[in-house]
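Below is one structure; the comments refer to it alone.
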Amino acid sequence: MNPTSVLVAEDEAMVRAAIVAVLAAEPYLRVVGQAADGQHAVDLAVSLRPDVALVDIRMPRMDGLAATKRILAAAPGTRVVVLTSFGMDEYVFGALRAGAAGFLLKDSTPERIIDAVRVVAAGGALLDPSVTGSMIAHLLTTDPRPARGDQLGALTAREKDVLVQVARGLSNSEIGARLGVSPSTVKGHVAAIITKLGVRDRVQAAVAAAEGGLLGQVTRQDA
């Protein structure tokens, strides 16, 4: 099996070195490029076509949001995970809307970083619960996008329940435990949600839920 190729774009040298060291220690991962700014990240992504790009949301020359858009347009086979810190919810949401496969805190454990690369390289999506909660709180202060209303209306009540938990960053097993169903049942619901919403993965489904105001409705009902 060929190792998963990874590009690391982070302007803080110490943080970038730490992430590269974590990835380089795994035999099935290969760091093929490092960038200290957004423009360089785009250039490397275009020339190297990595399987996964870890992109800092705040970088000189070009921020992570713009870099994510350009990488996905020029190298569609590359999956992007944005690196973030608390308080960057607006930027993170913009990156997810642009097509990022997920987001990861810069101070995540080595195991979390490795797992994130593995998940997105396999076609999955990553929602970090520790960031999802604050991102939802930020989104509840903004106006939802009415265009999502018809799509969300196509979901069953149970699918909406599942979608809310997906948007909160829970895994299929965690959702199953919370809703009293099996993980395989949750997996089926998630697949149906993705199909009905016409999105690529569970991250984009979470974006649709936030844009359509579903999270705000449920949160107010819970309160």
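Here the closest non-hydrogen pair linking G38 and A67 is O-CB, 4.0 Å. Between A75 and A45 the shortest heavy-atom distance is CB-O, 3.9 Å. Closest approach of S184 and S182 over heavy atoms only: OG-OG, 3.0 Å. Summarising the geometry of V46 relative to A74, their closest heavy-atom pair is CG2-CB, 3.6 Å, with the distance given to 0.1 Å. Between V31 and A24, the shortest heavy-atom contact is CG2-N, 4.5 Å. When all heavy atoms of A35 and L44 are compared, the closest pair comes out as CB-CD1, 4.1 Å.
Residues L170 and V119 fall into different hydrophobic clusters, defined by Ile, Leu, Val, Met, Phe, Trp and Tyr side chains chained together at heavy-atom separations under 4.5 Å. Follow the hydrophobic side-chain contacts under 4.5 Å out from V166 and you reach V164 in the same cluster. Residues V199 and I175 share a single hydrophobic cluster, defined by chaining ILVMFWY side chains whose heavy atoms lie under 4.5 Å apart. Residue L48 is not grouped with residue M62 when hydrophobic side chains (ILVMFWY) are merged at heavy-atom distances under 4.5 angstrom, including chains of intermediate members. V42 and L7 are members of different hydrophobic clusters when ILVMFWY side chains are connected at heavy-atom separations under 4.5 Å.
Rounded to the nearest 0.5 Å, atoms OG1 (T195) and CD (E159) are 9.5 Å apart. For the atom pair R49 CZ and I71 CD1, the distance stands at 11.0 Å (nearest 0.5 Å). Here the CG-CG distance, from L163 to L152, works out to 7.0 Å after rounding to the nearest 0.5 Å. Annotation: the span from L54 atom CG to I113 atom CD1 amounts to 8.0 Å, rounded to 0.5 Å. Considering CG of N2 and OH of Y28, their distance stands at 15.0 Å, rounded to 0.5 Å.
Looking at T78, its side chain never comes within 3.5 Å of a backbone N or O of D51 through a donor-acceptor pair. A distance-only check finds a donor-acceptor pair linking the side chain of T68 to the backbone of G64 [under 3.5 Å].
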Does the side-chain contact (heavy atoms from CB on, under 4.5 Å) test come out yes or no for Q165 and E174, once each step is laid out?
-> CA-CA 9 Å; Q165 304 309 319; E174 291 168 332; over 6 Å; no
Is there a side-chain contact (heavy atoms from CB on, under 4.5 Å) between V55 and L83 once you walk through the steps?
-> CA-CA 6 Å; V55 179; L83 298 171; over 6 Å; no
Just do the side-chain contact (heavy atoms from CB on, under 4.5 Å) check on V80 and L72 with the steps written out, would you?
-> CA-CA 8 Å; V80 174; L72 293 175; 3.8 Å; yes
Residue pair V162, V190: steps toward the side-chain contact (heavy atoms from CB on, under 4.5 Å) verdict | CA-CA 7 Å; V162 170; V190 172; 3.9 Å; yes
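Contacts classified as salt bridge (Lys or Arg N to Asp or Glu O under 4.0 Å) and involving residues 27-47 (residues at least two apart or in different chains) are given here: D37-R61. The salt bridge (Lys or Arg N to Asp or Glu O under 4.0 Å) contacts involving residues 9-26 comprise E10-K106, E12-K106, where partners must be two or more places apart or lie in separate chains. Contacts classified as salt bridge (Lys or Arg N to Asp or Glu O under 4.0 Å) and involving residues 65-82 (residues at least two apart or in different chains) are given here: R79-D201.
Between T185 and N172, every side-chain heavy-atom pair lies at or beyond the 4.5 Å cut-off. Looking at L104 and T84, their side chains never come closer than 4.5 Å, going by heavy atoms from C-beta outward. Between L179 and R158 there is a side-chain heavy-atom pair separated by less than 4.5 Å.
Remark: of the listed residues L29, V120, L23, L29 is the sole one forming a side chain to side chain contact (heavy atoms under 4.5 Å, CB included) with T4.
Remark: K196 NZ is packed, more than 12 non-hydrogen atoms of other residues, nucleotides or ligands lying under 6.0 Å away.
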